[in-house]
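First listed ligand is number 1; within each ligand, the first listed atom is number 1. As the structure is a prediction and not an experimental result, all values here were calculated from the model. Keep in mind that the numbers below use all heavy atoms, side chains included, and drop hydrogens, waters and symmetry copies. We're numbering straight along the sequence, starting at 1.
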Amino acid sequence: MPERPRILITQKILPDAYPLLQAIGDVEANMDEGVIWSSDELLRRAPGHDYLLSLVTDTIDAKLLEACANTTPRLKMVANMAVGYNNIDVEAAARLGIAVSNTPGVLSDTTADLAFALLLAVARRIPESERFLRAGKFTGWGPLMFCGTDVTGATLGIIGAGRIGQLVAKRASGFDMRVLYHNRHRLAPEVETRYGLTYTKLDDLLRASDFVSLHAPYLPATHHQIGERELELMKSSAFLINTARGPVVDEKALVHALQAGEIAGAGLDVFEREPAVESELLNMENVILVPHIASATYATRTRMATMAARNLVAHALGERPPNLVTP
Ligand SMILES: O=CC(=O)O
């Protein structure tokens, strides 16, 4: 009888994934909700497993992968429970013959919903006005009270019109928005037509948009894609929405642009030095800050967990995992 694979789940996840993994292997799991193992802790715990089911907050770097490749059993695969996989050194994994998978598609609508929620909330000053009410300051309706910005009919610029960006455009069409997009590669004409997307050069998009929403993956090429220069190009009445990855935006430049009134506000789900947040942002009323929750619904996090588990199970059964990101 071949030995059952040893599987390590690095954080507590929603329950449906566990039985899928327990059916094929011996599962060890971090069951302490909210506890994220440090790199040292991962280095202590991960070697000696055939499989890791990891989360975006786990740093799976070359050092860890090498340690896992040099123990018995040898690590065979990292199944990341996320669409983004910039937390994993995929090149090192490929070099060491360790497969990596992600969870695309199942979180696109949920993430697009949050991007749109941030857009609406920052435009209509919802958290700010709610804080005002909770502080007991609402003493009567006022004609000047919390006037915000119209979303209906405004221009939305989508940077990175992949699966999630396209679904943000779909939501925007319900608000009669004009939707510009910028991508590495222009989309097929039928996709542009389906989502009402107009291909636009980055600088023109930044100059023309009332809302700029970021949806590109984090790659060397998208590091600080939005920095001082790009923020200066934006309208002083425009808002920046980021549900992609923190380091796509130069967060210090963003603080400066907000302080200088170069843009009107921001809705941020992700941060450059997550979980740290630039302290100045915490005191800005025109900025909405949420803790990386774009895919956080029970249904979506369950789909992500079971998708990660199914990728892992496929590999263990000698099949090709459906969502491999390594060659
Ligand atoms: O950030 C979450 C993801 O990439 O799925």
Side-chain angles (χ1 to χ4, degrees), residues 9-14 16-17 30 33-34 36-37 42 52-61 77-90 93 99-119 158-168 183-184 213-223 225-226 240-249 251 266-277 288-312 321-326:
I9 308 178
T10 61
Q11 285 178 58
K12 188 171 181 188
I13 55 177
L14 284 171
D16 293 27
N30 173 3
E33 190 169 345
I36 299 168
W37 288 338
L42 278 172
L52 291 185
L53 192 150
S54 61
L55 286 295
V56 280
T57 40
D58 300 319
T59 303
I60 314 283
D61 56 13
M77 178 179 184
V78 182
N80 209 38
M81 189 187 127
V83 62
Y85 44 87
N86 54 294
N87 58 309
I88 303 173
D89 188 335
V90 175
V100 177
S101 63
N102 71 339
T103 60
V106 290
L107 47 67
S108 303
D109 274 304
T110 304
T111 301
D113 285 349
L114 190 90
F116 222 84
L118 289 174
L119 186 158
I158 291 177
I159 301 181
R163 281 178 294 257
I164 298 167
Q166 288 171 23
L167 291 172
V168 172
N183 249 10
R184 266 175 306 176
S213 192
L214 308 178
H215 301 286
Y218 181 54
L219 304 165
T222 56
H223 179 76
Q225 186 177 37
I226 302 297
L240 180 72
I241 309 297
N242 189 6
T243 54
R245 280 291 183 269
V248 169
V249 176
E251 205 165 289
L268 307 174
D269 178 47
V270 286
F271 303 90
E272 186 167 3
R273 282 164 281 275
E274 222 170 286
V277 176
I288 300 183
L289 309 162
V290 292
H292 203 151
I293 58 166
S295 65
T297 66
Y298 286 108
T300 289
R301 288 282 165 87
T302 296
R303 281 193 292 266
M304 290 166 70
T306 53
M307 189 175 204
R310 288 203 177 93
N311 277 307
L312 194 161
N323 310 108
L324 277 186
V325 298
T326 34

Q: Please identify which atoms of ligand 1 are closer than 4.0 Å to at least one heavy atom of Leu107.
A: 5 (O)

Q) Between the candidates Met81, Arg245, Arg301, which shows the shortest non-hydrogen contact distance to atom 4 (O) of ligand 1? A) Arg245

Q. What residue and heavy atom of the protein are closest to atom 5 (O) of ligand 1, and at what distance?
A. Val83 N, 2.8 Å

Q. To the nearest 0.5 Å, what is the distance between CE (Met304) and CG (Asp16)?
A. 14.0 Å

Q: Please confirm whether Val56 comes within less than 3.5 Å of ligand 1 when only nitrogen or oxygen atoms on both sides are compared.
A: no

Q) ring-ring contact (aromatic ring centres under 6.0 Å, His included) with Phe116: which residues, sequence neighbours excluded? A) Phe175

Q | Results of side chain to side chain contact (heavy atoms under 4.5 Å, CB included) for Ala117 - residues two or more places apart only | A | none

Q.
List ligand 1 atoms under 4.0 Å from His292, heavy atoms only on the residue side.
A. 1 (O), 2 (C)

Q: Within a distance under 4.0 Å of any heavy atom of Ala82, pick out the atoms of ligand 1 and give their elements.
A: 3 (C), 4 (O), 5 (O)

(Q) Go through it in stages, so that I can follow the logic: the residues are Asn80 and Ser54, the test is side-chain hydrogen bond (donor to acceptor under 3.5 Å, both in side chains), and I'd like the CA-CA distance, side-chain angles, deciding distance and then a yes or no. (A) CA-CA 5 Å; Asn80 209 38; Ser54 61; 2.7 Å; yes

Q: Any chance you could measure Asn183, atom CG, to Ile159, atom CD1, to the nearest 0.5 Å?
A: 10.0 Å

